[in-house]
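Working notes for the structure below.
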Amino acid sequence: MNYQKLADMLFPEVDKTPADYEAMFPQRNLPEGAKVTRLGPSPTGFIHLGNLFGAFADERLAHQSGGVFFLRIEDTDDKRFVDGAVEIIINSLRFFGIKFDEGATIEGEVGDYGSYTQSRRKAIYQCFAKKLISEGKAYPCFLTEDEISEIRNQQEAAKQTPGIYGKWALSRNLSFEEIEAKISQGQPYVIRLKSDGDMSLPEDQIKRFEIEDAIRGTLSMPVNDQDTVILKTNGTPTYHFAHVVDDHLMRTTHVVRGAEWLPSLPIHVELFEKLGFEPPVYCHTAQLMKIGEDGNKRKLSKRKDPELSLDYYRKLGYHPAAVREYLLTILNSNFEEWRIANPDADIEEFEFTTEKMSNSGALFDLNKLNDVSKDVLLKISVSDLFDFLKSWAAEFRPELFHIFEDRKYLETILDIGRHEAKPRKDHIYAEQIVDNISYFFDDMFRIQEDFPPEAKGDAVEIISRYLEGYCHSDDQETWFNKIRQIAVDMGYAAKPKDYKKHPEEYKGHVGHVSTVIRIAVMGRSQSPDVWEIQQILGEERTIERLKNCL
RNA sequence: GGCCCCAUGGUCAAGCGGUUAAGACAUCGCCCUUUCACGGCGGUAACUCGGGUUCGAUUCCCGAUGGGGUCACCA
């Protein structure tokens with residue numbers, strides 16, 4: 001068989017050689033140790049927490065080393081394409097602080113290693129497929145879907161590994177004339193890798209290879225034996241082929257991807273070898289898991305798990321910095337420790353390493369996210385918090401626009417208790433914050449709890465006495481002493497401890513009395529300090545709400 | 001089923017042959033306290049199971065078990 005002749009017949013339109021591309025995309029001129037990473041989403045427009053998780057690793061690795069982080073759109077499957085998806089991807093990632101140096105952007109492509117959109121790289125893939133054909137390392141395969149499933153049935157019946165390989169690879173040994181004939185008949189075909197692997201060998205003779213994974217250490221696997229499709233019928237590459245060609249030509253040094261790719265690593269290794277390329281450093285990350293209905297861990301699925309979607313967090317109004325901080329705590333095991341030691345340091349100062357990445361699947365922990373978020377929000381200035389809430393509301397809760405009309409008022413509210421030695425940590429995410437502070441706005445204020453049973457019968461009297469002695473300019477101490485006096489006068493203990501010791505001597509304690517006031521003014525029994533809130537609400541509104549309870 | 005990955009409390013995890021087996025979140029109790037939040041103190045709670053190697057294994061090796069992933073002209 002004259003492979004060169006075959007290659008020329010199959011790819012008459014290829015006018016460049018691999019050497020041409022090598023020259024077009026030379027080694028990058030970067031400082032020693034600089035890492036080149038990439039994110040390669042398919043343009044379904046759906047980027048999830050897992051993508052973001054990996055993107056952080058990519059971004060840190062590149063930028064920490066003075067390298068390059070680029071975005072490549074992997075749109076080799078036209079079925080997956082969703083209009084406007086690229087824009088969504090870029091915007092979503094930008095929202096969480098991920099910025100690319102190179103690749104696809106909203107304005108177009110930036111960088112010298114493009115195109116960064118796989119559908120525009122067809123000529124490149126064809127060129128390298130042609131090279132493989134010309135060297136007898138790949139071949140056209142005319143197997144139809146039906147034939148392939150028939151082969152599978154036979155394999156399953158014989159308990160053999162399914163797939164096209166070895167003796168099952170019926171198109172492997174077609175003669176040039178046979179191929180020519182089939183093509184002239186218009187028979188569709190794919191290009192398959194002609195694998196060297198032979199899985200039919202006895203187990204101890206199957207060849208294995210070893211490769212260093214930056215997260216997992218040395219990996220040992222059997223070599224690939226599948227004649228994997230590298231070019232589909234329509235001439236577009238499969239992921240496997242595109243990955244190898246692109247990451248070589250784009251001079252990617254580190255490939256960060258989920259562990260679900262581990263099983264196809266042998267294919268990639270064989271492709272790199274057959275193409276004569278040096279493989280990148282692989283970093284196979286653990287997958288994000290969740291507890292399924294059956295109580296077992298399972299991979300987060302985009303169909304079943306809304307919390308996998310980035311939108312889920314945006315809708316609830318988690319601050320991007322909180323999500324970033326949380327993700328880093330599960331991304332690098334020593335991050336939390338570092339954060340405790342450096343509470344105010346910029347996240348970029350943390351030295352991220354692949355070695356510290358966990359290699360078992362982490363369960364997504366909403367509790368932890370909430371806890372992290374409280375601290376993160378505390379570090380954000382009220383002004384920024386205001387802006388964040390406002391833009392969140394503009395997108396998800398437009399009916400709330402009015403609470404942002406008086407900037408000073410809202411900022412004062414948001415700032416309650418944030419500057420104490422032991423600051424309050426009330427704020428977690430926008431949805432929750434808005435609910436927390438709703439009673440500051442008349443249209444959202446409503447009494448939503450009953451008076452405490454200890455003081456329910458006295459509620460009206462407590463409120464009217466309170467109103468009688470109310471002086472808005474009282475300082476906090478004077479103010480509270482008045483409440484305490486009301487409590488004592490009406491048979492309540494001045495201190496909760498007294499009541500606890502001798503519950504039979506009192507109706508309740510001062511806390512029950514103040515809870516009555518709290519409910520009258522805030523509509524709920526739990527809130528920050530009443531005096532402080534009244535000062536913010538103003539005299540008129542406070543008195544009005546109290547009177548409404550009489 | 002084949003192949004691959006993984007295995008310390010409820011969760012995330014330190015540990016890398018000898019430790020009272022860290023820490024964080026969650027949970028429980030106490031303290032602080034007019035409620036809540038914060039904070040402080042304390043408690044419950046873990047090395048999947050067998051074999052080896054070793055004076056000694058959570059740690060190294062093998063096996064089992066369990067969990068996960070993957071077996072497409074999807075990525």
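What you see is a predicted model; the values in this text were computed from it and never measured. Here is how names work: the chains are called A, B, and so on, in the same order as the sequence lines, proteins then strands, and each is numbered from 1. Heavy-atom basis, side chains included; hydrogens, waters and symmetry copies ignored.
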Which part of the nucleic acid, if any, lies within contact of A:Ser264, taking any heavy atom under 4.0 Å across all strands shown: a base, the sugar-phosphate backbone alone, or nothing?
-> nothing
Only counting residues at least two apart or in another chain, list the ones meeting side-chain hydrogen bond (donor to acceptor under 3.5 Å, both in side chains) with A:Tyr165.
-> none
Are a donor atom and an acceptor atom from the side chains of A:Thr144 and A:Asp146 found within less than 3.5 Å of each other?
-> no
Mapping A:Gly40 and A:Leu219 to their closest nucleotides on RNA chain B, which lands nearer the 5' end?
-> A:Leu219
On a whole-Å scale, what distance lies between the P atoms belonging to B:U59 and B:U19?
-> 13 Å
Do the charged groups of A:Arg418 and A:Asp415 touch, with an N to O distance under 4.0 Å?
-> yes
Donor-acceptor pair between A:Gln476 and A:Asp529 side chains, under 3.5 angstrom | yes
Indicate, with a heavy-atom threshold strictly under 4.0 Å, whether A:Arg216 touches base, sugar-phosphate, or nothing.
-> sugar-phosphate
Between B:C71 atom P and A:Leu262 atom CG, what is the distance in whole Å?
-> 13 Å
When the C1' atoms of B:A46 and B:A7 are considered, how many whole Å apart are they?
-> 12 Å
Please give, in whole Å, the distance from B:A37 P to A:Glu532 CD?
-> 17 Å
Looking only at atom C1', what distance separates B:U27 and B:U11, rounded to whole Å?
-> 12 Å
Would you check if the distance from the ring center of A:Phe335 to the ring center of A:Phe56 is below 6.0 Å?
-> no
Is A:Lys182 positioned over the aromatic face of A:Phe142, cation under 6.0 angstrom from the ring centre and no more than 45 degrees off axis?
-> yes
If we take the C1' atom in both B:G67 and B:U8, what is their distance in whole Å?
-> 15 Å
Under-4.0 Å side-chain N/O to phosphate OP1/OP2 contact, A:Arg208 with B:C3 = no
Determine the Euclidean distance between corresponding P atoms of B:A22 and B:C47; express it in Å to zero decimal places.
-> 13 Å
With rounding to whole Å, what would you report as the distance between B:C3 and B:U48 at their P atoms?
-> 25 Å
Under 4.0 Å between a Lys/Arg side-chain N and an Asp/Glu carboxylate O for A:Lys356 and A:Glu337?
-> no
N/O contacts under 3.5 Å, protein versus nucleotides 23-30 of chain B?
residue, atom, partner, partner atom, Å
B:A24, O2', A:Glu336, OE2, 2.7
B:A24, O2', A:Lys368, NZ, 2.7
B:A24, N3, A:Lys368, NZ, 3.3
B:C25, O4', A:Lys368, NZ, 3.4

Verdict with supporting geometry, A:Asp344 and A:Lys379, salt bridge (charged side-chain N to carboxylate O under 4.0 Å, His left out) | CA-CA 8 Å; A:Asp344 298 314; A:Lys379 282 178 210 149; 5.2 Å; no
Are A:Glu74 and A:Arg72 within salt-bridge range, i.e. N to O under 4.0 Å?
-> yes
Rounded to the nearest Å, what distance is computed from the NZ atom of residue A:Lys159 to the P atom of nucleotide B:C3?
-> 15 Å
Identify whether any heavy atom of A:Ile164 sits under 4.0 Å from a base atom; if not, whether one sits that close to sugar-phosphate; answer base, sugar-phosphate or nothing.
-> nothing
Considering only the C1' atoms, how many Å lie between B:C6 and B:G40, rounded to the nearest integer?
-> 39 Å
For B:C12, take OP1 and OP2 only and decide whether either is under 4.0 Å from a side-chain N or O of A:Ser333.
-> no
Euclidean distance, A:Gln485 CD relative to A:Arg465 CZ, rounded to 0.5 Å | 9.5 Å
Contact class for A:Arg152 vs. all strands (heavy atom < 4.0 Å): base, sugar-phosphate, or nothing?
-> sugar-phosphate
Please tabulate the protein-to-nucleotide N/O contacts below 3.5 Å involving nucleotides 33-36 of chain B, giving atom names and distances.
residue, atom, partner, partner atom, Å
B:U34, O2', A:Ser514, OG, 3.4
B:U34, O2, A:Ser514, OG, 2.7
B:U34, O2, A:Arg518, NH2, 3.2
B:U34, O4, A:Asp529, OD1, 3.1
B:U35, O2', A:Ser525, O, 3.2
B:U35, N1, A:Arg518, NH2, 3.4
B:U35, O2, A:Arg518, NH1, 3.3
B:U35, O2, A:Ser525, O, 3.2
B:U35, O2, A:Ser527, N, 2.9
B:U35, O2, A:Ser527, O, 3.0
B:U35, N3, A:Arg518, NH1, 3.0
B:U35, N3, A:Arg518, NH2, 3.3
B:U35, N3, A:Ser527, O, 2.6
B:C36, O2, A:Arg424, NH2, 2.4
B:C36, O2, A:Ser527, O, 3.3
B:C36, N3, A:Arg424, NH1, 3.1
B:C36, N3, A:Arg424, NH2, 3.4

Any A:Lys356 side-chain N or O less than 4.0 Å from OP1/OP2 of B:A13 = no
On a whole-Å scale, what distance lies between the P atoms belonging to B:C36 and B:C32?
-> 13 Å
Donor/acceptor link under 3.5 angstrom from A:Thr329 side chain onto base of B:C12 = no
Is the A:His319 to A:Tyr326 ring centre distance short of 6.0 Å?
-> no
In whole angstrom, give the distance that lies between atom CG of A:Leu39 and atom C1' of B:A75.
-> 12 Å
Would you please confirm or rule out a distance under 4.0 Å between OP1 or OP2 of B:A72 and any side-chain N or O of A:Thr238?
-> no
Measure the distance from CZ on A:Arg257 to P on B:C74 and round it to the nearest whole Å.
-> 17 Å
Could you tell me whether A:Pro162 contacts a base, only the sugar-phosphate backbone, or nothing, with contacts defined as non-hydrogen atoms closer than 4.0 Å?
-> nothing
What nucleotide, of B:C73, B:A75, B:G2, holds the atom closest to the side chain of A:Thr161?
-> B:G2
